[in-house]
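Here is the structure we will look at.
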There are 2 protein chains.
Amino acid sequence: MTTLLQRAEAAGLRMTGHRRLVAEVLEGGGHPDVETVHEAAARRDPGISIATVYRALNLFEEAGLVEKREFGDGRARWEDAAQDHHDHLIDVATGEVIEFTSPEIEELQRRIAESLGYELVDHRLELFGRRRR
Amino acid sequence: MTTLLQRAEAAGLRMTGHRRLVAEVLEGGGHPDVETVHEAAARRDPGISIATVYRALNLFEEAGLVEKREFGDGRARWEDAAQDHHDHLIDVATGEVIEFTSPEIEELQRRIAESLGYELVDHRLELFGRRRR
DNA sequence: GTACGTGCAAAGGCTTTGCAAATGC
DNA sequence: GCATTTGCAAAGCCTTTGCACGTAC
C-alpha cells in the first residue's frame, strides 16, 4: 500500500516540507475542508500559509492524487484518492460523513448513462440521512 | 397542474411583480443560474435587480417551491420543484444537463441508507458523461 | 544561478446584507 | 400609514493570484 507522499513523488511532484505536511494530513483520513487541513498542518509547522495549502491541494488534485468534494455547505472537502471508490452519506443532524460502496449502484449508473447515449466518466452521489433510533 | 405562482400564493407568499417574473422564468424549465434568471426577467422588466432575484429564489426555496442545485462549477442552478423527482446527467463536453429518473436507484439508495442505520431524507446524484458516437 | 515554492495582501466570483427609498395592501 | 420589498453598493466567504522573497538543486 503506497502513501500519498509516495504516489506524489512517483507522479514527479516536488515534495517540499509543506507539501508533505498537507499530504500527511490527508492520509489521516476524513473529509477535511481547507481550513481544517491548514490548522492540522500548522500545528506541525506554524509557518505554513493557507495559500500554500490551497496550492498543494490543487496540485495534488490535478495529478489525480486527491479528490475535491462539495457537500453543499459552500466549502470544498478533500480526501486522499488512493482508497477504493466510495460514495457518501451525510448525517443531516451532525454533519458526520459516512463512506459506503455499492457495486450495484455503480453498475446501475453506468447502465443509465448508457441508455441515455452517454459513456459514464464520473459521478457524484450523496445521501442525506437521519439516524434511526 | 398548478403553476409555481399558484403554489407560491397558496404558501402565503406575497407575489409582487418581480417575484412573479422570477417564478415565470423558472416555469420555463431548465437549470438556469442566477444570472440567467436575472437576464430573462430583466428582458421583461429591466428594472429588476439581481439582488431581488437572489432574494426571490431563496424565498421560494425556503417555501419548498424550488430547488437549488450545485453542479460543481461554483454557481448555483435553480429549478421548479413541482416536477417529479429526477436526477441529472451532465454532458462533460457541453455542460448540457439531462434529466432522468430511476426508481431502481431510488430504492437502492433507500436500502443502503437503511443498512447503515439511517432514514434517507434526501439525496443528490449527478452523472457526468461523454456522448457516445 | 535558475526555476520553483511560499507568504502576504489584494483581487475575484458568487452571494448576502444594511440602508434608504419605493411599493403593496 | 405601516410593513414589506427593492435597488444600490458594500461586505462576506471561499478561493485564486501577483509579486517579491526564499529555497531547492
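A quick note: this is a predicted structure, and the numbers were derived from the prediction, not measured.
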Note to self: With rounding to the nearest 0.5 angstrom, report the NZ to CG distance, A/Lys68 to A/Asn58.
What the structure shows: 5.5 Å
Notebook entry, point to check: Can you check whether B/Asn58 has a side-chain N or O nearer than 4.0 Å to OP1 or OP2 of C/dT15?
Noted result: no
Notebook entry, point to check: How close or far is atom C1' of C/dG5 from atom CZ of A/Phe60, stated in whole angstroms?
Noted result: 12 Å
Notebook entry, point to check: Which residues within residues 22-41 of chain B lie with some heavy atom under 4.0 Å of an atom in DNA chain D?
Noted result: none
Note to self: Within this structure, what is the CZ-CH2 distance for the pair A/Arg69 and A/Trp78, rounded to the nearest 0.5 Å?
What the structure shows: 11.5 Å
Note to self: Does C/dT17 have OP1 or OP2 under 4.0 Å away from a side-chain N or O of B/Arg55?
What the structure shows: no
Item checked: Rounded interatomic separation in angstrom, taking CG from A/Leu21 and P from C/dG5 -> 16 Å
Item checked: Whole-Å distance separating the CZ atom of B/Arg14 from the C1' atom of C/dA22 -> 12 Å
Check: Atom CG of A/Asp73 and atom C1' of C/dC14: how far apart are they, to the nearest Å?
Finding: 15 Å
Item checked: Euclidean distance, atom CH2 of residue A/Trp78 to atom C1' of D/dC14 [Å, nearest integer] -> 12 Å
Margin query: By the 4.0 Å heavy-atom rule, please label B/Ile48 as base, sugar-phosphate, or nothing.
Written below: sugar-phosphate
Check: Taking only N and O in the side chain of A/Arg19, is any of them less than 4.0 Å away from OP1 or OP2 of C/dT6?
Finding: yes
Item checked: Residue mapping more 5' on DNA chain C - nearest nucleotide basis, B/Met15 or B/Ala76 -> B/Ala76
Next item on the list: Measure the CG-NE2 distance between B/Leu89 and A/His123 for me, rounded to the nearest 0.5 Å.
Entry: 12.0 Å
Note to self: Measuring to OP1 and OP2 of C/dT23, would you say a side-chain N or O of B/Thr16 lies under 4.0 angstrom away?
What the structure shows: no
Check: Taking atom CG of A/Asp33 and atom CD of A/Glu39, what is their separation to the nearest 0.5 Å?
Finding: 8.0 Å
Note to self: Under 4.0 Å, heavy atoms only, any strand: does B/Gly17 hit a base, just the sugar-phosphate, or nothing?
What the structure shows: nothing
Notebook entry, point to check: What is the distance, rounded to the nearest whole Å, between atom CD1 of B/Ile50 and atom P of D/dA9?
Noted result: 14 Å
Item checked: Phosphate contact (C/dT15 OP1 or OP2) by B/Tyr54 side-chain N/O below 4.0 Å -> yes
Next item on the list: Check whether any side-chain N or O of A/His18 sits under 4.0 Å from OP1 or OP2 of C/dG7, and answer yes or no.
Entry: yes
Next item on the list: Tell me whether A/Ile105 is reachable from A/Leu120 by hopping between hydrophobic residues (I, L, V, M, F, W, Y) whose side-chain heavy atoms are closer than 4.5 Å.
Entry: yes
Margin query: Quick check for you: to the nearest 0.5 Å, what is the distance between A/Leu116 atom CG and B/Arg132 atom CZ?
Written below: 9.5 Å
Notebook entry, point to check: Roughly, in whole Å, what's the span from CZ in B/Arg20 to C1' in D/dT6?
Noted result: 16 Å
Item checked: Separation of atom CZ in A/Arg75 from atom P in C/dC14, rounded to whole Å -> 20 Å
Notebook entry, point to check: Pick one: which of B/Arg77, B/His31, B/Glu126 meets side-chain hydrogen bond (donor to acceptor under 3.5 Å, both in side chains) with B/His88?
Noted result: B/His31
